[in-house]
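The structure appears below as structure tokens.
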Amino acid sequence: MQEPSATRRNPAQVMFDDDRASQALGIELLDVGSGTARARMTITETMVNGHGIAHGGYLFLLADTTFACACNSHGPTTVAARADVTFVRPARLGDELTASAVERTRFGRSGIYDVSVHRGEELIAEFRGHSRSIGAAPAGESEGETR
């Protein structure tokens, strides 16, 4: 028996619930909507590099996890095709970082998403991810559709 749509969980939440890597690093999914997501992570002692700042890989991982939730919010299984990050400021031990993802466009099986990582109001990093759906497109969606 299929769940009524009012009680059906967002596909991104289902995916995140099975994401052991992100959860092991303490990433929390704060909210997820259609093409959007917000997540939080605190920089721990094991995330700090030899310069005494957060290793860029952890900042990338927070942004990538948030991107994954945003692009999987529509339903078909979607993966990263490409991503890049610009580090604006260093994060430090104990910093609580929040990443916010927003869909810029979807076309065919591809999409582009921007993720901003902040410490409070201060910008730490900007991430752009390109997605590719490997599942079926949702009904009613056509090639070239943008949002």
Side-chain angles (χ1 to χ4, degrees), residues 3 5 8-51 53-93 95-147:
E3 295 178 48
S5 61
R8 199 172 294 149
R9 292 182 31 202
N10 185 294
Q13 182 68 57
V14 173
M15 178 203 67
F16 183 80
D17 288 347
D18 288 335
D19 184 347
R20 301 296 175 241
S22 295
Q23 291 175 20
L25 293 171
I27 295 176
E28 301 170 76
L29 182 59
L30 301 175
D31 56 67
V32 63
S34 180
T36 65
R38 281 186 336 111
R40 175 176 51 215
M41 178 180 79
T42 300
I43 301 300
T44 65
E45 198 171 87
T46 60
M47 296 176 182
V48 176
N49 66 21
H51 297 295
I53 59 176
H55 190 290
Y58 291 108
L59 301 178
F60 187 96
L61 189 135
L62 172 62
D64 187 51
T65 294
T66 310
F67 158 62
C69 290
C71 67
N72 277 279
S73 66
H74 300 292
T77 299
T78 304
V79 297
R82 173 177 177 240
D84 63 321
V85 66
T86 301
F87 301 111
V88 178
R89 288 181 182 81
R92 302 195 184 286
L93 177 64
D95 285 352
E96 182 178 276
L97 305 179
T98 302
S100 300
V102 63
E103 178 179 280
R104 295 300 176 199
T105 187
R106 280 193 304 148
F107 50 99
R109 293 176 27 215
S110 300
I112 300 172
Y113 295 77
D114 287 333
V115 184
S116 296
V117 178
H118 286 87
R119 172 181 49 229
E121 297 296 316
E122 191 174 29
L123 181 67
I124 299 298
E126 286 287 346
F127 172 105
R128 174 157 276 193
H130 296 249
S131 66
R132 183 76 172 169
S133 294
I134 57 175
E141 205 165 280
S142 62
E143 188 78 24
E145 182 173 341
T146 62
R147 299 191 195 284

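Residue numbers count from 1 along this sequence. Note that this is a predicted model, so its numbers are computed, not measured.
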Between atom [atom1] of [X] and atom [atom2] of [Y], what is the distance when rounded to the nearest 0.5 Å?
X    : Y    : atom1 : atom2 : result
F67  : F60  : CZ    : CZ    : 8.5 Å
T105 : H130 : OG1   : NE2   : 11.0 Å
L62  : E28  : CG    : CD    : 10.5 Å
L29  : D31  : CG    : CG    : 7.0 Å

May I ask you to test the [X]-[Y] pair for a side-chain heavy-atom distance under 4.5 Å?
X    : Y    : value
L123 : R89  : yes
E126 : R128 : no
I124 : D95  : no
I43  : R92  : no

| request: Give the intermediate values and the outcome of side chain to side chain contact (heavy atoms under 4.5 Å, CB included) for residues I27 and F16. | output: CA-CA 10 Å; I27 295 176; F16 183 80; 4.1 Å; yes
| message | Please check this pair: side chain of S131 against backbone of G111, looking for a donor-acceptor N/O pair closer than 3.5 Å. | response | yes
| query | C69 and side-chain contact (heavy atoms from CB on, under 4.5 Å): which partner among R38, Q13, M15? | reply | M15
| field | Residue from D114, D64, V117 passing side-chain contact (heavy atoms from CB on, under 4.5 Å) with F127 | value | D64
Closest contact, heavy atoms only, [X] versus [Y]:
X    : Y    : result
L25  : M47  : O-CE, 3.4 Å
R20  : D17  : NH1-O, 2.7 Å
A81  : R132 : CB-CB, 4.2 Å
T78  : S133 : OG1-OG, 3.1 Å
H55  : N49  : CA-ND2, 4.0 Å
R119 : A91  : NH1-CA, 3.6 Å

So, [X] and [Y]: side-chain donor and acceptor under 3.5 Å apart, yes or no?
X   : Y   : result
Q23 : D19 : no
S34 : S73 : no
S22 : T65 : yes

